[in-house]
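Here is how names work: the chains are called A, B, and so on, in the same order as the sequence lines, proteins then strands, and each is numbered from 1.
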There are 2 protein chains.
Amino acid sequence: MIAHQLLLTDNRRNVHSYTEENYIKTIYKLSADGAEVVNTNSIAEVLQTKAASVSDMLKKLSNKNIIHYVKYRGVTLTSEGQIKALQIIRKHRLWEVFLVNKLNFSWDEVHDIAEQMEHIQSPLLIKRLDEFLGYPTQDPHGDPIPTETGEIKHGRQRLAAELEINESGVVVGVRDTKPSFLQHLNKLGIFLGAQIKVKEKVEYDKSLEVSIEDNKSVLISAEVSKNIYVSA
Amino acid sequence: MIAHQLLLTDNRRNVHSYTEENYIKTIYKLSADGAEVVNTNSIAEVLQTKAASVSDMLKKLSNKNIIHYVKYRGVTLTSEGQIKALQIIRKHRLWEVFLVNKLNFSWDEVHDIAEQMEHIQSPLLIKRLDEFLGYPTQDPHGDPIPTETGEIKHGRQRLAAELEINESGVVVGVRDTKPSFLQHLNKLGIFLGAQIKVKEKVEYDKSLEVSIEDNKSVLISAEVSKNIYVSA
DNA sequence: GTTTAAGATTACTAACTGCTAATAAAATAT
DNA sequence: ATATTTTATTAGCAGTTAGTAATCTTAAAC
């Protein structure tokens, strides 16, 4: 088990500790995942910590005007918090692009490293990195990279699970970026940009038989099909 | 004023906190700078902290077998500590090369950023980075990059201050990497690889008049001349 | 050789984060 | 509507790092 904690005590406004940044990012992601209001336990689960610790931090982030927090009622990010979250996500995704495109990592290896790199403080570094990478708009998992000002293309179209029989789609992203999931996709031969076509839907367990690039067919579970985004 | 502190509580052996790593690096550098034994106050000065805090940390590092520590008598690194220090310095210098060669930073801008990046934990990342950079042997300030196993070319030849009148040398490194010093060199037109020739030595304040690349002449103070390394 | 100054250490306190246990509020079940 | 369960919060403690003040050790001065 690894626990990281970067503490940035800093006079500059708008610079938060390693831990604070991880909370901000987590709250953002849970919101984006559909939660109107993010509750304490879900944050604790993602961050592998206890609800009590989360409550403490929420109080702190609320005082810093990063979140709207009503006791027992969950939290949402303030606009300041959203901008902050998007800046962190921007850094994370740019570093992932760097790792894959420049250092030849595969998409299942980059998450943990980018998790560390996203906390490096230097706006100029990110500007230069962005330029060096050719201003990418997506990370290696198909997720959009927020702009410097915090704009981001939302609205991820359809899940593979929603494809009808004989319908095709191109893999444009994944909902889960855990190495175990991505390695499973590697083994199945599914990658970003691959064309998949549903050959059969198994009623019993909702699993799908899909062909990849009009080539070999594989069976994917409902769980897997719900974590793959396809173009319309 | 900035104070960073990355805390890595980790079950893996040989992984230390952000703060611990900074202490290890500082002790190494003070030793390399000629100190037989490193004393508490000098560490405190470099790390911009207080002697009392240093004493605490020394006790801790001693228990972890990173340093030899005798109270009131100063510290030296154990062989484990030296290896650890060289790994950190390796990372620091590789990232500096990346910043200068790939992201177009100048040599006076990279120190603070590399100071953060050197703490990223991923041996594979550093291996890939090294490869990506073409296995550089020196950083942008002319300092040697330790190998993966902790070997390093020591023995920096001569200081510009030691050049005789009419003697030439090529700038192969700098002893100080503070932005203020490097920016001063930029302004003087002195860079790594430049040939300099001593035209005159001012007895009064030991300053030197040197020509750069057989071109323009500039006056450099004794302080500056003692922070420039030249080839034999 | 005693006194003084410099350097280093300890004791205590504080900020940050995380834990457990106890408690409180909200949601659910009956 | 009350009881029960789930969820969240507070209180108190611990580990890490840093700061202040007081104390102790060593080195230097006379």
query = Any side-chain donor-acceptor pair under 3.5 Å between B:H119 and B:E21?
reply = yes
ask   = Can you tell me how far the NZ atom of A:K71 sits from the OG1 atom of A:T40, to the nearest 0.5 Å?
value = 12.0 Å
task = Measure from NZ or CZ of A:R158 to the centre of the six-membered ring of A:Y229 and say whether it is under 6.0 Å with the direction within 45° of the ring axis.
result = no
ask   = Is the shortest side-chain N/O distance from A:S55 to OP1 or OP2 of D:dT9 below 4.0 Å?
value = yes
query = Any side-chain N or O of B:S53 under 4.0 Å from OP1/OP2 of D:dG19?
reply = yes
key: Below 4.0 Å: OP1/OP2 of D:dA8 and any side-chain N or O of A:Y69   = no
ask   = Roughly how many Å is it from CD in B:E20 to C1' in D:dT16, rounded to a whole number?
value = 9 Å
message = Below the 4.0 Å mark, does C:dG18 have OP1 or OP2 next to a side-chain nitrogen or oxygen of A:T49?
response = no
ask   = Between A:D56 (CG) and D:dA8 (C1'), how many Å, whole number?
value = 12 Å
query = Is the closest side-chain donor-acceptor distance between B:D56 and B:S53 under 3.5 Å?
reply = no
note = Taken to the nearest whole Å, OH/B:Y23 to C1'/D:dT16 is 11 Å
Sub-3.5 Å pairs of nitrogen or oxygen atoms, protein against nucleotides 23-26 of chain C:
unit_1: C:dA26; atom_1: O3'; unit_2: A:R73; atom_2: NH2; d: 2.8

query = Whole Å only: how far is the CD1 atom of A:I67 from the P atom of D:dA8?
reply = 13 Å
ask   = Closer than 4.0 Å, any side-chain N/O of B:T40 to the OP1 or OP2 of C:dT9?
value = yes
query = Hey, are A:Q82 and A:S79 close enough side-chain-wise for a donor-acceptor pair under 3.5 Å?
reply = no
query = With no hydrogens and no angle check, do the side chains of B:D139 and B:W107 hold a donor and an acceptor under 3.5 Å apart?
reply = no
ask   = So, is A:K59 near the phosphate of D:dT10, with a side-chain N or O under 4.0 Å from OP1 or OP2?
value = yes
query = Should A:N41 be listed as having a side-chain N or O under 4.0 Å from OP1 or OP2 of D:dT6?
reply = no
